[in-house]
There are 2 protein chains.
Amino acid sequence: MNVEQIIKTEKKIPLERRTIIHFMLVNNKINESISKALKPFDVSLQQFNVLRILRGQNEKPANLSTLNERMVTKMSNTTRLVDKLILKGFVDRIICPSNRRKVEISITTEGRNILKKIDSAMIKAEKSILENISKKELEQLNTLLNKF
Amino acid sequence: MNVEQIIKTEKKIPLERRTIIHFMLVNNKINESISKALKPFDVSLQQFNVLRILRGQNEKPANLSTLNERMVTKMSNTTRLVDKLILKGFVDRIICPSNRRKVEISITTEGRNILKKIDSAMIKAEKSILENISKKELEQLNTLLNKF
DNA sequence: CTTATACATTTGTATATACAATTGTTGTAA
DNA sequence: TTACAACAATTGTATATACAAATGTATAAG
């Protein structure tokens, strides 16, 4: 991936700016790959993220603020994100009996089933995204990302 | 930046997946920084990108498809993005005389002025994003990003 | 017990973006 | 020259997201 070539400029970009642009370009590519993998299941990246969080709770439901805390990309409207998942039948939402201000969101069997199907597509997407990166390079990348 | 801590999970995430999540987290942070830097100027990241492309043309106007080609994050509606910039008085748009299907978009003096102001805010944001990264690490990062 | 404050979520509204269909223009083959 | 395909941008529409205000509930102070 050559930055100058992709954004079609002949100018020399300072290393700092170039790195940030580079970063965004790679991120776009990653997002495209993953969105494409999710498309057949009619589930967005954010929706998938919520489903995965709920599965990770093993049976224990989560409330909205917990979901928000754990999402990779925080959203300013998790209510409506959950609305969509309810419409699709992948999650349930009930008012928390011990604190009626809160809400308890849990994944349904149907939600677990779709997640299971998505899992293999996701692993495939991840592999294809990282196909040119060795394990050593992955570790190196993680070390660098830690510095941000 | 510790991935597990940020998304608040105790589970071990496989290195591939962890790297991708890590990547997204850093990207979110970068976007936040830059958006915050742009906020006082009431210009979005994409709008800023278009302005910078137009400035890079030195005087030569660009048409829509050229803009789209050169944008870091491609959009499926550059027309309306340009509409916003016209409303703000930062760009002009005329129908291309030699080919009336095309359009010629150019940056106005006002656009150049705001860009000049944004420039220093942007350099500051870039510096703060990369404050913990040495030059050597930057180069290392670029090498790794090239592999995607 | 009443009132005020903090909390958790939802709703309203504006804006942004994606995608497909449409419009208007140009090039080209008969 | 006409008819048709290709091109470039715009428009319509649905969906996504951001942000602030509103709703309903719990907690705490007097």
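Residue numbers begin at 1 in each chain, while the letters A, B, ... track the order of the sequences. What you see below is based on every heavy atom in this structure, not just the backbone, and it leaves out hydrogens, waters and symmetry mates.
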Take atom [atom1] of [X] and atom [atom2] of [N], then tell me their distance rounded to the nearest Å.
{"X": "K102(B)", "N": "dA8(D)", "atom1": "NZ", "atom2": "P", "result": "6 Å"}
{"X": "Q46(A)", "N": "dA16(C)", "atom1": "CD", "atom2": "C1'", "result": "15 Å"}
{"X": "I95(B)", "N": "dT23(C)", "atom1": "CD1", "atom2": "P", "result": "17 Å"}
{"X": "K84(A)", "N": "dT10(C)", "atom1": "NZ", "atom2": "C1'", "result": "14 Å"}
{"X": "K74(A)", "N": "dA16(D)", "atom1": "NZ", "atom2": "C1'", "result": "18 Å"}
{"X": "Q47(A)", "N": "dT17(D)", "atom1": "CD", "atom2": "C1'", "result": "13 Å"}
{"X": "L67(A)", "N": "dT9(C)", "atom1": "CG", "atom2": "C1'", "result": "12 Å"}
{"X": "D42(A)", "N": "dA16(D)", "atom1": "CG", "atom2": "P", "result": "9 Å"}

Check: Between the side-chain atoms of R80(A) and the base atoms of dT13(C), is any donor-acceptor pair under 3.5 Å?
Finding: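 Between dT13(C) and R80(A), which were checked side chain against base, a qualifying N/O pair under 3.5 Å is present.
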Notebook entry, point to check: In terms of the nearest nucleotide of DNA chain D, which residue is placed more toward the 5' end: S76(A) or E104(B)?
Noted result: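 Closest to the 5' end, via its nearest nucleotide, is E104(B).
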Notebook entry, point to check: Using a cut-off of 4.0 Å on non-hydrogen atoms, how would the nucleic acid contact of T79(B) be classed: base, sugar-phosphate, or nothing?
Noted result: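 Base, at least one base atom sits under 4.0 Å.
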Check: Are E4(B) and K12(B) ion-paired here, with the side-chain N under 4.0 Å from a carboxylate O?
Finding: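 Not counted as a salt bridge, because no side-chain N and carboxylate O are separated by less than 4.0 Å.
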Item checked: Charged N-O contact under 4.0 Å between E104(A) and R93(A) ->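 R93(A) and E104(A): not salt-bridged.
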Margin query: For the backbone of F41(B) and the side chain of K117(B), can you confirm whether one donor and one acceptor N or O come within less than 3.5 Å of each other?
Written below: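 A pair under 3.5 Å: no.
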Notebook entry, point to check: Do F90(B) and F48(B) have ring centroids that are under 6.0 Å from one another?
Noted result: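 Between F48(B) and F90(B), the centre distance exceeds or equals 6.0 Å.
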